[in-house]
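Presented below is the structure to which this report refers.
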Amino acid sequence: MATDYDEVRSDVKESQDRSLEALQSANAPDARSVVRELDEADSLDDSIVPGGEFVAEELIVQVIPQAEDEFTCYSCFLVRHRSQIAREKNGHAYCVDCEG
């Protein structure tokens, strides 16, 4: 009698069926409820800061325009005093820190 070695053995097949039945009968949540819970958690995360506190304040920042004796470095984009210009090229100024 020829033996088919690709066929699953009967004892392995039975244990697979039993484990599948155990998984199906377990109280596992369905996919929709898991997605719903994740969406609810994401909506709560929007107002929580890393410390876990709720922030209900609006940040107000006063923007001060660049003065005549200041420039913006074309490399690091920081506003610096004119005394820190290292070089100017093609109308762009570079600070001492960026030019090293």
Side-chain angles (χ1 to χ4, degrees):
M1 177 175 183
T3 304
D4 184 7
Y5 290 104
D6 292 332
E7 186 178 340
V8 179
R9 295 189 327 233
S10 62
D11 58 334
V12 173
K13 180 71 173 158
E14 288 174 15
S15 71
Q16 287 176 345
D17 290 343
R18 276 187 269 125
S19 63
L20 178 61
E21 290 170 5
L23 286 173
Q24 290 173 342
S25 67
N27 290 333
D30 64 333
R32 288 186 185 135
S33 65
V34 171
V35 169
R36 195 175 318 113
E37 288 176 16
L38 290 173
D39 288 342
E40 289 172 2
D42 286 344
S43 66
L44 291 176
D45 289 345
D46 293 341
S47 61
I48 298 176
V49 295
E53 300 174 8
F54 286 97
V55 177
E57 296 180 14
E58 193 173 309
L59 183 62
I60 299 172
V61 177
Q62 181 181 4
V63 178
I64 302 171
Q66 184 173 315
E68 289 184 25
D69 63 341
E70 295 176 329
F71 75 100
T72 303
C73 177
Y74 196 69
S75 180
C76 65
F77 303 105
L78 292 176
V79 176
R80 302 196 177 252
H81 190 264
R82 287 244 172 239
S83 64
Q84 295 185 346
I85 293 178
R87 74 176 171 105
E88 290 187 60
K89 183 177 181 183
N90 298 333
H92 302 295
Y94 297 89
C95 70
V96 176
D97 291 339
C98 291
E99 291 299 307

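It should be emphasised that the depicted structure is a prediction, and the values quoted were computed from it without experimental measurement. Residue numbers start at 1 and run along the sequence shown.
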Contacts under 3.5 angstrom, residues 84-93 side chains, donor-acceptor by atom type, not counting sequence neighbours:
from: Gln84; atom 1: OE1; to: Arg80; atom 2: NH1; distance (Å): 3.2
from: Arg87; atom 1: NE; to: Glu99; atom 2: OE1; distance (Å): 2.9
from: Arg87; atom 1: NE; to: Glu99; atom 2: OE2; distance (Å): 3.4

Q | Other ILVMFWY residues reachable from Val61 by side-chain steps of under 4.5 Å | A |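 Members alongside Val61: Leu59.
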Name the atoms and distances for all side-chain donor-acceptor pairs under 3.5 Å in residues 71-78, with sequence neighbours left out.
from: Thr72; atom 1: OG1; to: Gln66; atom 2: OE1; distance (Å): 2.8

Q) Nearest 0.5 Å, what's the CD-OG distance between Glu70 and Ser83? A)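 Answer for the CD-OG pair, Glu70 versus Ser83, is 10.5 Å.
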